[in-house]
Amino acid sequence: MQKQPPQKLVVLGATGTIGLNTLDVASRHPDRFLIHALSAQSRMSELAALCARHRPRYAVAGSAQAASQLKQLLADAAVNCEVLAGEEGLAQVVSDADTDQVVAGIVGAAGLLPVLAAVEAGKRVLLANKEPLVMAGAIVMPALKASKAELIPLDSEHNAIFQCLPGGYRCGATPRGITRIMLTASGGPFRDRPVETLSSVTPEEAIRHPNWEMGPKISVDSASMMNKGLEMIEAAWLFDLSPEQIRVVLHPQSIVHSMVEYVDGSVLAQMGQPDMRTPIAQALGWPERITSGVAPLDLETLGQLEFREVDAERYPCIRLAGEALKAGGVAPTVLNAANEIAVEAFLGKRIAYTRIPELIDKCLHAHQASEYMHSPSNELTAVLAVDNWARVFTESLICE
Ligand code: NAD
Ligand code: MG
């Protein structure tokens, strides 16, 4: 068989958890993958160190100021790499003619424009960054269908479902023969803590996840289970499902990463260690299997796997996300934006943890009464305007 040339990878959010895990897996297969571009918003010394190690052709910094700092660091280390900046730099590297695969590891809505640009340029997009689909699935998914791009989910639950769907399945299509999917949720660090004490939890406690190591925003989302709420909306877009076809099951061990139920009563599950390098390797190598560095699963040592119903009182964010999913239109855009602002305020110690769902609820209600209620959800400018409105509104509630 003729040897394939290495795939050229663009890693967006290279200094984050997803970015670093991607570089770990890719560097185990130097014959298969070449790092073409790396990006980071801030912390330029970390980005410069990654450039020295992986020798990308391009590096994208968050701002012009960060770019000049990065240029200096790279010159001092004698690393030859073209430095770009901001949204334009991201758009350039994802749509570069040489780029084969784009790993979307930026956190939050900031990932929307680069993800959309990569899809429009027809690339294979490995999507960890769920917020763009939540806020603008009605834009991203039609763009996917209109291009030759492929979307492969990296989010562990969605990657699990992708693995359990019939061979040849491509995201965006309605899967054949399935009744519903079951997303598993660990319940986060507060699953056994008395509900009445939740108002006093600190950001440090919230980001200490029992099973996974992740960035601060998604860690808080995992504690509140807004992460699972966002994932319900993400799943509805990726797999073309109705809200009724999406269930959430509490599974404290994070070994079963999600399940697909078929019309004949079969339930297929994907299992593995809670380590993002498994879904990353599955997506990077797809349709082949490649090694990830993850230890094998030892079921005898694990002993038991548990599954429970989700406690609605403990996790009000699940209900809010479910309502936004059912309402459709720009309601998920509002939910996502309000959540991003509330989580940032909680991490900055400006609000109590329990105010996160309160603020999102208020913002969703205010939106129903606002001029933005009937904004088209399939127009980028309308979605960005709603996103901005919800951010300003939530911030105003925090400042009250
Ligand atoms: P992180 O905070 O560890 O890293 C975020 C990265 O994005 C950093 O490189 C940062 O420089 C960059 N970034 C931040 N703000 C930016 C901006 N405004 N513009 C451009 N770049 C910016 O986050 P993470 O945990 O790696 O998560 C990344 C995304 O992947 C999130 O959307 C998250 O929900 C999703 N995800 C993460 C995990 C995980 O295990 N960490 C699992 C599933 C999904
Ligand atoms: Mg997930």
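Everything numeric in this text was worked out from a predicted model, so none of it was measured. All heavy atoms count here, side chains included; hydrogens, waters and symmetry mates do not. In listed order, ligands and their atoms are each counted from 1.
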Those atoms of ligand 1 less than 4.0 Å from some heavy atom in [X]:
X    : answer
A40  : 11 (O)
A128 : 30 (O), 35 (C), 36 (N), 44 (C)
G105 : 5 (C), 6 (C), 7 (O), 28 (C)
A14  : 9 (O)

Selection from [options] by shortest heavy-atom distance to [atom]:
atom                    : options                : value
atom 26 (O) of ligand 1 : I18, L230, L50, I280   : I18
atom 31 (C) of ligand 1 : I106, V134, D155, I218 : I106
atom 11 (O) of ligand 1 : E213, M276, Q41        : Q41

[atom] - nearest protein heavy atom and its distance:
atom                    : result
atom 14 (C) of ligand 1 : V107 CG1, 3.7 Å
atom 34 (O) of ligand 1 : K130 CE, 3.2 Å
atom 25 (O) of ligand 1 : G215 N, 2.8 Å
atom 3 (O) of ligand 1  : T17 N, 3.0 Å
atom 4 (O) of ligand 1  : G16 CA, 3.1 Å

Gap separating the [atom1] atom of [X] from the [atom2] atom of [Y], nearest 0.5 angstrom:
X    : Y    : atom1 : atom2 : answer
L127 : D155 : CG    : CG    : 8.0 Å
L47  : C81  : CG    : SG    : 8.0 Å
D298 : Q273 : CG    : CD    : 8.5 Å
C164 : E261 : SG    : CD    : 12.5 Å
Q270 : T184 : CD    : OG1   : 9.0 Å

Check each heavy atom of [X] against ligand 1 and say whether those closer than 4.0 Å belong to the side chain, the backbone, both or neither.
X    : value
A110 : side chain
E131 : side chain
T15  : both

Does even one non-hydrogen atom of G62 get within less than 4.0 Å of ligand 1?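 G62 does not count as a contact of ligand 1 under the 4.0 Å cut-off.
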Please say which of K130, K228, H257 ends up in a side-chain hydrogen bond (donor to acceptor under 3.5 Å, both in side chains) with E157.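 Answer to the side-chain hydrogen bond (donor to acceptor under 3.5 Å, both in side chains) test with E157 among K130, K228, H257: K228.
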Show your working on salt bridge (Lys or Arg N to Asp or Glu O under 4.0 Å) between E323 and R319 and close with a plain yes or no. CA-CA 6 Å; E323 285 170 9; R319 174 182 57 80; 3.1 Å; yes
Donor + acceptor pair across side chains of [X], [Y] (<3.5 Å):
X    : Y    : answer
D96  : H36  : yes
E120 : S147 : no
T333 : D387 : no

Please lay out, stage by stage, how L250 and D311 fare under the test side-chain contact (heavy atoms from CB on, under 4.5 Å). CA-CA 9 Å; L250 200 86; D311 172 355; over 6 Å; no
May I ask you to check whether [X] has an N/O atom sitting below 3.5 Å from an N/O atom of ligand 1?
X    : result
G19  : no
S156 : no
N227 : no
W212 : no

Y353: partners by ring pair (Phe, Tyr, Trp, His ring centres under 6.0 Å), with sequence neighbours left out: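 Listed in chain order: F190, F346.
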Please report the number of protein N, O or S atoms that lie less than 2.8 Å from the Mg ion (ligand 2).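 Every protein N, O or S atom under 2.8 Å from the Mg ion (ligand 2) counted, the figure is 3.
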H365 side-chain N/O to D361 backbone N/O, donor-acceptor pair under 3.5 Å: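 Yes, because the side chain of H365 sits within donor-acceptor range (under 3.5 Å) of the backbone of D361.
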Is it true that a side-chain atom of N129 and a backbone atom of G108 form a donor plus acceptor pair closer than 3.5 Å?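 It does hold such a pair.
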Residue of the set I106, V134, L384 for which side-chain contact (heavy atoms from CB on, under 4.5 Å) holds with L112: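 The passing option is L384.
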Salt-bridge test for K217 and E131: reply yes if a basic N is under 4.0 Å from a carboxylate O, no otherwise.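 Salt bridge between K217 and E131, a charged N being under 4.0 Å from a carboxylate O: yes.
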